[in-house]
Amino acid sequence: MSADPSIKRLNTLYREDPDEADRLLFGRRTYPDRRGFLKNAGLAAMGALVGAAIPFHRNIPAHFIPVALAAEGVIPGKDGLTVLNDRPMCAETPPHLLDDTITLTERHFVRNNGLMPEDLDASRWQLAIDGLVDHPMTLGLEDLRARFEIVTRALVLECAGNGRAFFDPKTKGEQWTYGAVACSEWTGVRLSDVLEASGIRPEAVYTAHYGADTHLSGTSAGLPISRGVPIDKAMDPHNLIAFAQNGRPIHPMNGGPLRLIIPGWPGSCSQKWLTRVEIRDRVHDGPKMTGTSYRMPDRGIAPGETVDEKEFRIIEHMPVKSLITHPATAHRTTEGSVEVHGHAWTGEGRVDSVDLSIDFGATWMPATLDDPVNAYAWQNWRAAVSFPREGYYEVWTRATDSHGVSQPHAIAWNPGGYLNNAMHRIAVYVE
Ligand SMILES: Nc1nc2c(c(=O)[nH]1)N[C@H]1C(S)=C(S)[C@@H](COP(=O)(O)O)O[C@H]1N2
Ligand SMILES: [Mo]
């Protein structure tokens with residue numbers, strides 16, 4: 001599961017078949033003239049990827065890769081991520097690289113279900129609000145900025161499949177370990193303000209979110225993913241239609257120029273490359289909304305058991321969870337005491353306590369826990385942990401939320417491999 005094979009593949013591909021590499025990286029099918037591309041939408045995208053405007057972009061020859069993008073083992077604009085898949089691109093962050101209070105854009109995981117849109121030009125981006133509304137609207141980024149209050153918030157985004165790799169028997173889907181979670185600072189307008197301005201009708205039941213990405217098997221195959229939330233959740237004032245991530249335009253792979261952030265619920269509700277929010281009189285039925293996608297059986301089942309589709313329920317809020325971000329696992333120390341820290345979060349309410357164990361859960365000690373900087377931000381915690389003598393230890397962490405719910409030692413198996421919030425463990429060697 002190392003990052004290198006797939007990324008090396010991408011770089012080798014750039015040397016051998018640049019058109020195909022462009023298509024993989026940017027989601028383009030035909031690509032006759034790089035210069036034409038760079039003058040238009042791609043210029044902004046390429047600028048975002050290299051991290052600056054490109055003054056002499058007109059001189060860039062066709063199929064020429066900026067050297068900033070060509071280094072082996074690097075996803076443009078990302079740093080240290082583990083690539084699980086490059087078609088669609090899925091990459092997670094090792095826990096020790098999530099140590100910052102606010103997750104750097106370079107460290108924010110990537111979960112694509114299809115191919116990235118071809119045209120990411122922010123100046124021409126349009127968002128439609130329609131369906132059961134009195135005033136359907138089409139808004140550009142400037143309209144959003146001009147008409148609605150702009151807010152900035154630190155918000156946790158976590159894939160519902162985070163932790164799937166630890167299920168036994170294995171379940172289908174990306175084998176995320178710990179790092180499909182982040183808490184970046186997002187700037188945008190409230191989804192609720194925009195929906196209110198559109199005049200939601202009383203029959204409204206559910207939203208449907210649409211993005212500009214395309215299905216892996218071609219545009220005619222429909223959308224890769226289109227999910228939604230009940231109106232009550234949609235009207236939570238913490239949801240954002242975001243146009244900035246950590247004070248800059250949103251990274252193209254994180255859904256720039258415009259995306260939803262629906263904190264507390266599965267990351268899949270937070271549509272990237274957002275083009276349309278439709279208001280419906282019933283639960284949405286878009287791709288990955290129906291069947292067994294992002295759903296759990298409504299009863300306890302045996303590992304590997306086959307469950308009838310009718311027994312599945314849509315996953316709503318995410319569970320309480322915590323992460324040790326320092327030190328990295330397999331830490332070696334000659335000191336008797338180690339400063340341990342990390343984050344804790346929950347989909348609904350807040351985290352009330354974080355406890356640590358160094359004796360496989362026999363005894364627990366409380367960590368010092370900070371308040372969240374705002375609702376739906378993760379909370380930082382820290383503790384000085386002392387070890388009685390030389391040897392192998394595990395540090396375990398367990399968060400408890402304001403509903404009195406704690407992280408389990410292991411969670412019951414489910415067919416989709418969702419919501420694994422088992423305690424995080426790291427190994428420490430005292431020498
Ligand atoms: N348009 C679109 N939006 C999307 C996705 C996608 O593939 N396409 N993936 C979803 C999933 S499953 C997750 S977990 C989050 C991941 O956001 P990130 O890639 O910015 O980390 O985006 C969600 N929004
Ligand atoms: Mo996800």
Side-chain angles (χ1 to χ4, degrees), residues 27 48 75 77-78 81-93 98 103-120 125 127 155-165 171-176 178-186 188 207-216 219 221-229 239-246 249-277 284 286-289 293-295 314-315 318 347 416-420:
I75 303 179
K78 296 288 171 185
L81 270 55
T82 305
V83 176
L84 304 182
N85 190 352
D86 62 10
R87 191 183 155 80
M89 180 60 83
C90 291
E92 68 171 330
T93 317
L98 288 171
T103 308
L104 306 177
T105 301
E106 300 90 288
R107 304 262 164 87
H108 195 292
F109 74 101
V110 175
R111 199 297 183 235
N112 290 350
N113 285 265
L115 297 172
M116 284 177 60
E118 300 191 1
D119 184 346
L120 295 176
W125 200 264
L127 168 66
L155 300 169
V156 173
L157 193 68
E158 183 177 16
C159 183
N162 199 22
R164 179 179 287 131
T171 61
K172 280 196 203 127
E174 304 297 332
Q175 297 298 306
W176 305 106
Y178 300 107
V181 63
C183 182
S184 285
E185 219 168 55
W186 298 95
T207 59
H209 313 151
Y210 301 91
D213 47 343
T214 53
H215 200 276
L216 287 176
T219 20
L223 299 170
I225 186 168
S226 170
R227 305 200 66 239
V229 294
N239 301 325
L240 295 184
I241 300 175
F243 40 72
Q245 175 183 21
N246 297 321
I250 298 173
H251 188 285
M253 284 199 189
N254 295 124
L258 195 68
R259 77 170 299 169
L260 276 177
I261 300 287
I262 309 276
W265 282 40
S268 53
C269 300
S270 296
Q271 197 81 27
K272 305 198 279 188
W273 310 296
L274 184 70
T275 55
R276 180 181 176 212
V277 176
H284 185 35
K288 307 217 168 171
M289 207 53 241
S293 294
Y294 299 103
R295 292 181 187 224
I314 297 172
I315 296 170
M318 295 290 288
Y418 294 121
L419 306 190
N420 189 350

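Hydrogens, waters and symmetry mates play no part in the numbers below; they use all other heavy atoms, side chains included. In each ligand, atom 1 is the first atom listed, and ligand 1 is the first ligand listed.
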For [atom], which candidate among [options] holds the nearest heavy atom?
atom	options	answer
atom 11 (C) of ligand 1	S184, S268, G161, A160	S268
atom 14 (S) of ligand 1	C159, C90, P117	C159
atom 17 (O) of ligand 1	E174, H108, R259, M253	R259
atom 23 (C) of ligand 1	C269, G211, G267, P224	G267

For N254, the ligand 1 atoms with a heavy-atom partner under 4.0 Å come out as 18 (P), 19 (O), 20 (O), 21 (O)
So the atoms of ligand 1 within less than 4.0 Å of a heavy atom of Y294 turn out to be 12 (S)
Closest to atom 3 (N) of ligand 1 among protein heavy atoms sits K272 N, 2.8 Å
Using the side-chain contact (heavy atoms from CB on, under 4.5 Å) definition, which of the options I262, I314, T207 pairs with R227?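 Among the candidates, only I314 passes.
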Should the proximity of [X] to ligand 1, defined as any heavy atom under 4.0 Å, be assigned to the side chain, the backbone, both, or neither?
X	result
W273	side chain
W176	neither
N113	both

At their closest point, which heavy atom of [X] faces which heavy atom of [Y], and how far apart are they?
X	Y	value
F109	L157	CE2-O, 3.4 Å
Q175	T171	NE2-O, 2.9 Å
W176	C159	NE1-SG, 3.8 Å

inquiry  = Tell me whether K272 contacts the main-chain N or O of M253 through its side chain, where contact means a donor paired with an acceptor under 3.5 Å.
reply    = yes
